[in-house]
Amino acid sequence: MRARTIVTVALVGAALVSMLSRAQTDPASAPVPSRMAPTNPVLPAGAPAGAEICVACHAHAGQSDKPQYPILAGQTPRYIYLQLRDFQEGRRHDPMMSGIAATLTRDQMRELAAWYGAQKPYEQSTFQVDAEKARLGKAKADETLCTMCHLGGFAGQNEIPRVAGQHYAYIVKQLTAFKTRQRTNDAGNMTAVSATLSDADIENIAHYLAGL
């Protein structure tokens with residue numbers, strides 16, 4: 001009887017191991033996040049010269065999975081170009097980007113801007129939007145007429161950036177930088193708007209935009 005029990009336990013254990021192994025290797029049995037972004041750090045074919053230095057922070061095709069670095073995929077090309085130029089000429093400052101931009105020619109900037117702008121942005125899986133904060137953020141964005149510049153859906157236009165789906169942390173960082181005038185390369189538009197925002201407003205707007 002004791003031997004039979006031992007055999008039975010061993011068989012059950014083996015079956016459990018087999019099931020766990022299949023769950024780890026079978027994509028159909030593994031849980032799939034509803035909001036998933038590719039994080040492949042390798043540049044895709046067709047990337048322009050100069051993009052190899054961008055991939056460490058901005059990842060595969062500009063789809064950064066690090067919240068401190070902006071998503072470039074789907075960004076308006078003119079905005080990317082102008083920001084690179086501003087970094088190069090000292091109108092915008094960043095310890096890393098200022099040095100990188102200094103090595104680029106204007107043609108390289110245009111090529112990078114056009115290529116990243118043509119990439120498809122993916123939804124993020126690393127940030128959980130707070131529905132109530134997003135609701136308050138939308139109300140504040142409507143109140144401050146954000147879509148007059150950023151357009152409906154916050155897709156951006158020309159030198160106005162796409163901010164829909166941008167990282168929450170990056171949105172907070174930039175709005176705070178405009179508010180405190182640490183960043184001023186905006187012809188005064190964003191510094192004026194952000195000056196009217198409280199820290200809670202900035203947090204709420206970031207929840208709203210990150211969820212678009």
Side-chain angles (χ1 to χ4, degrees), residues 31-39 57-84 86 91-92 94 97 113 116-212:
V32 179
S34 60
R35 295 164 66 82
M36 176 60 72
T39 57
C57 296
H58 298 288
H60 180 82
Q63 186 63 39
S64 168
D65 59 341
K66 300 179 178 69
Q68 68 269 37
Y69 301 125
I71 297 167
L72 299 182
Q75 185 57 270
T76 63
R78 180 160 177 77
Y79 177 76
I80 296 176
Y81 169 74
L82 290 176
Q83 297 312 299
L84 287 172
D86 282 358
R91 285 184 291 272
R92 185 176 175 185
D94 179 85
M97 283 304 305
Y116 278 117
Q119 305 309 303
K120 179 183 177 182
Y122 291 82
E123 292 182 326
Q124 296 303 295
S125 60
T126 56
F127 179 73
Q128 294 299 315
V129 173
D130 183 296
E132 178 59 17
K133 289 181 179 180
R135 184 189 69 80
L136 293 172
K138 182 182 186 307
K140 178 57 67 171
D142 290 344
E143 177 187 322
T144 52
L145 305 177
C146 295
T147 54
M148 286 187 65
C149 294
H150 292 279
L151 298 184
F154 289 84
Q157 58 172 327
N158 298 321
E159 69 271 16
I160 308 299
R162 173 190 176 95
V163 289
Q166 189 57 266
H167 289 306
Y168 166 85
Y170 188 75
I171 296 169
V172 169
K173 177 183 176 181
Q174 296 308 311
L175 286 175
T176 301
F178 280 125
K179 181 178 179 177
T180 59
R181 300 187 66 81
Q182 294 177 350
R183 179 178 173 185
T184 57
N185 68 322
D186 64 320
N189 295 325
M190 283 304 302
T191 49
V193 170
S194 60
T196 69
L197 302 177
S198 67
D199 291 345
D201 290 334
I202 289 175
E203 181 180 352
N204 293 338
I205 289 171
H207 273 271
Y208 170 53
L209 296 177
L212 292 179

Can you establish whether the number of heavy atoms outside K138 located under 6.0 Å from its atom NZ is more than 12?
no

Apply side chain to side chain contact (heavy atoms under 4.5 Å, CB included) to residues Q63 and Q119 and explain how you reach the verdict.
CA-CA 9 Å; Q63 186 63 39; Q119 305 309 303; over 6 Å; no

Between Y208 and A141, what is the shortest heavy-atom contact and its length?
CE2-CB, 4.2 Å

If you measure from CD1 on I205 to CG on L197, what distance do you get to the nearest 0.5 Å?
4.5 Å

For F178, all residues meeting ring-ring contact (aromatic ring centres under 6.0 Å, His included), sequence neighbours excluded:
none

For residues 155-164, which residue pairs pass the side-chain hydrogen bond (donor to acceptor under 3.5 Å, both in side chains) check, not counting sequence neighbours?
none

Nearest 0.5 Å, please: how far is OG1 in T184 from CG in D86?
9.0 Å

Can you sort out the partners of R78 under side-chain hydrogen bond (donor to acceptor under 3.5 Å, both in side chains), two or more places apart, ordered by chain and number?
none

Qualifying salt bridge (Lys or Arg N to Asp or Glu O under 4.0 Å) pairs, either residue in residues 191-212, two or more places apart:
K133-E203, K140-D201, K179-D199

I'd like to check the side-chain hydrogen bond (donor to acceptor under 3.5 Å, both in side chains) partners of Y79; sequence neighbours left out, ordered by chain and number.
R183

How far apart are the closest heavy atoms of Q166 and I171, and which atoms are they?
O-CD1, 3.7 Å

Who pairs with Y168 by ring-ring contact (aromatic ring centres under 6.0 Å, His included), at least two apart in sequence or on another chain?
F127, H207

Between N204 and E132, is any pair of side-chain heavy atoms under 4.5 Å apart?
no

Minimum-distance pair of heavy atoms, taken over all atoms of P77 and G117
CG-CA, 4.2 Å

